[in-house]
Amino acid sequence: MPSLKDVKTKIEGVKKTSQITRAMNMVASAKLRGAQQRIEDFRPYAEKFQFAMGNLSSGVDPAQYPLMAVRDTGKVELVVITSDRGLCGSFNANIFKLADKEIERLEAEGKKVSLVCVGKKAAGYYRKTGRVRREYTDIMSSFQMFNAREIAQDVAENFLEGNADEVNIIYSRFVSVAVQRPELTTLLPISPEKKDDGGEGGDAAVAQDYIYEPGTEEIMEVLLPLYMNVTVYRCMLEVGASEHAARMTAMDNATNACGDLIHNLTLIYNKARQAGITAELMDIVGGAEALKG
Amino acid sequence: MAETIHLEVVTPKGPVVSEDVELVTAPGYGGEFGVLAHHAPMISTIRIGVMSYRKDNSEARLMISGGFCEVSNNQITFLVESAERGEDIDVDRALRAKERAEKRLAAAARKQEKINQARAEAALQRALARLRVANKGGES
């Protein structure tokens with residue numbers, strides 16, 4: 001039987017922990033509101049963009065644009081986007097699970113995999129594997145288009161230099177507050193037919209004779225990099241919203257678990273106290289009996 | 001009512017306009033262009049400037065900054081960095097931005113700094129477009 005004092009200290013400790021988890025839960029839910037708003041505002045833009053790109057690129061010759069070049073995929077780059085901070089349940093672990101599976105699959109096929117890690121957690125997780133080509137940390141808390149642009153530019157350059165034949169992004173899609181689904185989407189080469197499920201790809205891209213203003217090439221030169229920026233940015237926003245949602249749920253669970261723990265510890269405490277009182281009574285009664293005798 | 005075309009203006013901060021309209025004019029790559037119902041499929045880059053659309057004899061104006069627009073299936077979609085209505089524009093701020101950009105432009109021209117010059121030029125364009133939209137909005 002643990003001593004009264006031990007149990008009491010423990011209860012105090014758990015109470016403090018639950019205060020912290022409750023506070024984190026509230027902070028996460030406040031941040032989620034902002035992040036959710038941002039991704040929900042941005043999604044229509046990204047989807048329309050994707051749709052227009054589909055229409056547009058169906059009418060052009062992929063061989064003409066280096067960013068659309070389909071090569072034999074011997075080298076694959078994965079951009080793994082995670083959060084900068086932990087304490088969000090299995091959120092990052094789920095992303096790693098998908099990424100690890102993908103790496104394993106690619107390497108089993110004899111392909112070379114390089115990684116670009118976005119977010120501290122990914123950087124820490126993959127640092128020792130020797131596959132990491134670049135790291136971007138401490139950018140997940142402030143969503144800026146220029147961060148996305150920087151990543152997109154770097155990845156594109158690497159692709160154009162022939163160091164990667166295919167670039168995929170692994171991120172977590174924000175489905176709802178309760179559900180965040182790790183997903184893989186292809187960033188490069190940009191292909192017109194491929195509909196990734198990020199957008200409402202239901203409408204088939206109809207090959208139409210577009211009037212291009214200015215010429216096709218000038219437009220594609222502007223739009224292809226922009227499309228990459230938009231895709232990377234969307235993935236970052238998705239991860240941002242997912243992270244806060246995951247943390248909110250995790251912290252809510254932790255707070256509940258603390259409540260259960262306090263309940264059980266209080267039972268033990270009361271039992272120990274009662275046992276103490278009973279033992280004392282027995283002593284007194286025993287003593288009185290002895291005197292009578 | 002005349003035939004209409006569906007207009008959508010979408011920015012990274014969310015959709016701004018989604019309406020059936022009769023006429024859309026916008027600052028394209030080669031200059032101002034107009035789009036009526038059943039326009040042929042087209043894709044054009046969009047410059048910083050003022051776009052307007054007409055519906056039931058009333059005209060609305062928006063300040064838009066760079067992006068592109070796509071016309072297909074009797075629908076015109078603008079994908080631009082920002083779009084602002086006249087009433088949302090802070091005239092004082094635009095005026096200040098205009099002055100600042102003009103100063104920078106002059107300074108950049110002296111030192112021959114290409115990047116700053118381009119940036120200031122874009123800022124000036126935005127400020128001027130904002131002022132144009134805001135002023136027209138006030139008169140009507």
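Quick caveat: nothing in here was measured; it's all calculated off a predicted structure.
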B:G28 to B:R47 - nearest heavy-atom pair and separation: O-NE, 3.2 Å
Proximity breakdown for B:T45 and chain A, heavy-atom pairs closer than 4.5 Å: both
Donor on one side chain, acceptor on other, B:S65 and B:S82, under 3.5 Å: yes
For A:F174, ring-ring contact (aromatic ring centres under 6.0 Å, His included) partners two or more places apart: none
Structural part of B:V80 lying under 4.5 Å from a heavy atom of chain A: backbone
Contacting region of A:L237 [heavy-atom separation from chain B under 4.5 Å]: neither
Residues A:S83 and A:N92: side-chain donor-acceptor under 3.5 angstrom: yes
